Amino acid sequence: RLCPVIKLYVRYLRSYGKQLILIVVLSLLATLCSLLLPMLSKRIIDEGVLSAGNASYSGTVALMALIAVLSMVFPAVNGKFIAETSMRFSRNLRADFFSHVLRLSRRDMDQIGTSSLISRQGTDIMQMQTGLVQLLTFMLTAPLMCIGGLVVSILTCPRPSWVVLL
């Protein structure tokens, strides 16, 4: 059984399926870029520095530069989509709240109070919008980074990786 706040998020976010999929993909790509840079640094050290410095690693450096640029672009574009989605979410929630308030009877309005309704429309909806931004930004990226970090750990140094898995 879902709590009422999660039901509210699910109900209002159903119409943003494409944007949410794009946000997940962009978060995945940004995380992938963050995890690839240390692996490429390891390759430069292994091939260039440890093998007497004679190896040509300009291709790896160029790839690192490209990934560094992409690791700036993906989060920026992702942030734009997150901001647009959360603004539309709060706009629709505010509109529905306002139309619900207009249907209240005079007695209900007196019982609830105008100041309470103003507070609900302003502060509470803004908190839900901020919560959505944090959910789509941090709570989506953290598990991806954790799982990706474990995979990179196993790929680069399989023997001691069992310690990380514990």
Side-chain angles (χ1 to χ4, degrees), residues 1-95 122-166:
R1 209 170 104 104
L2 294 175
C3 76
V5 174
I6 294 175
K7 283 182 185 178
L8 199 62
Y9 277 120
V10 169
R11 189 172 101 206
Y12 281 92
L13 288 175
R14 275 196 185 125
S15 60
Y16 301 111
K18 290 178 185 176
Q19 290 95 331
L20 292 173
I21 289 171
L22 187 63
I23 288 168
V24 170
V25 168
L26 287 170
S27 294
L28 182 64
L29 290 173
T31 303
L32 199 65
C33 286
S34 297
L35 292 170
L36 281 176
L37 285 174
M39 291 177 71
L40 292 173
S41 295
K42 178 188 178 299
R43 184 194 297 174
I44 288 175
I45 291 170
D46 289 347
E47 292 175 4
V49 177
L50 296 179
S51 65
N54 294 331
S56 173
Y57 44 84
S58 59
T60 305
V61 171
L63 183 61
M64 282 183 76
L66 175 67
I67 290 174
V69 169
L70 290 176
S71 69
M72 290 185 291
V73 170
F74 288 142
V77 173
N78 198 22
K80 177 188 176 294
F81 283 113
I82 289 172
E84 284 179 359
T85 303
S86 65
M87 285 188 323
R88 289 179 183 149
F89 164 81
S90 65
R91 178 198 61 202
N92 295 342
L93 186 60
R94 243 183 223 103
T123 309
D124 292 355
I125 293 175
M126 181 61 84
Q127 286 179 354
M128 292 200 63
Q129 180 182 358
T130 304
L132 181 61
V133 168
Q134 291 176 350
L135 176 81
L136 294 175
T137 304
F138 304 116
M139 293 185 70
L140 185 63
T141 305
L144 292 174
M145 188 65 80
C146 180
I147 293 167
L150 287 172
V151 169
V152 168
S153 172
I154 291 169
L155 290 176
T156 56
C157 212
R159 249 188 180 172
S161 293
W162 68 272
V163 174
V164 176
L165 293 174
L166 294 178

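Quick caveat, the model's predicted, so the values are computed rather than measured.
- Taking the side chain as every heavy atom from C-beta outward, I44 and V61 approach each other to under 4.5 Å.
- Evaluation of the side-chain hydrogen bond (donor to acceptor under 3.5 Å, both in side chains) rule for S27 yields N78 as partners, not counting sequence neighbours.
- Between T130 and the options Q134, Q127, M128, a side-chain contact (heavy atoms from CB on, under 4.5 Å) holds for only Q134.
- Residues passing the side-chain hydrogen bond (donor to acceptor under 3.5 Å, both in side chains) test with S153 are S161, sequence neighbours excluded.
- Between L8 and F89, the closest heavy-atom pair is O-CE1, 4.4 Å.
- Distance check, rounded to the nearest 0.5 Å: CD1 of I82 to CE of M87 gives 12.5 Å.
- You'll find the side chain of L29 reaches within 4.5 Å of the side chain of V25, heavy atoms only.
- Contacts of Y9 classified as side-chain hydrogen bond (donor to acceptor under 3.5 Å, both in side chains), with partners at least two apart in sequence or in another chain: none.
- Scored by the side-chain contact (heavy atoms from CB on, under 4.5 Å) test, S15 finds no partners at all (sequence neighbours excluded).
- By the salt bridge (charged side-chain N to carboxylate O under 4.0 Å, His left out) test, K42 pairs with D46, sequence neighbours left out.
- For the pair S41 and M64, the minimum side-chain heavy-atom distance is below 4.5 Å.
- Residues passing the side-chain hydrogen bond (donor to acceptor under 3.5 Å, both in side chains) test with S86, sequence neighbours excluded: none.
- Here the straight-line distance linking atom CD1 of I147 with atom CG of L35 works out to 11.0 Å at 0.5 Å rounding.
- Taking 4.5 Å as the limit, some side-chain heavy atom of Y16 sits within range of a side-chain heavy atom of N92.
- Contact of the V24 side chain with the L144 side chain is not registered, since no non-hydrogen atoms from C-beta on lie closer than 4.5 Å.
- Looking at every heavy atom in both residues, L37 comes nearest to S71 through CD1-OG, 4.5 Å.
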Show your reasoning for whether side chain to side chain contact (heavy atoms under 4.5 Å, CB included) applies to I67 and L63. CA-CA 6 Å; I67 290 174; L63 183 61; 4.0 Å; yes
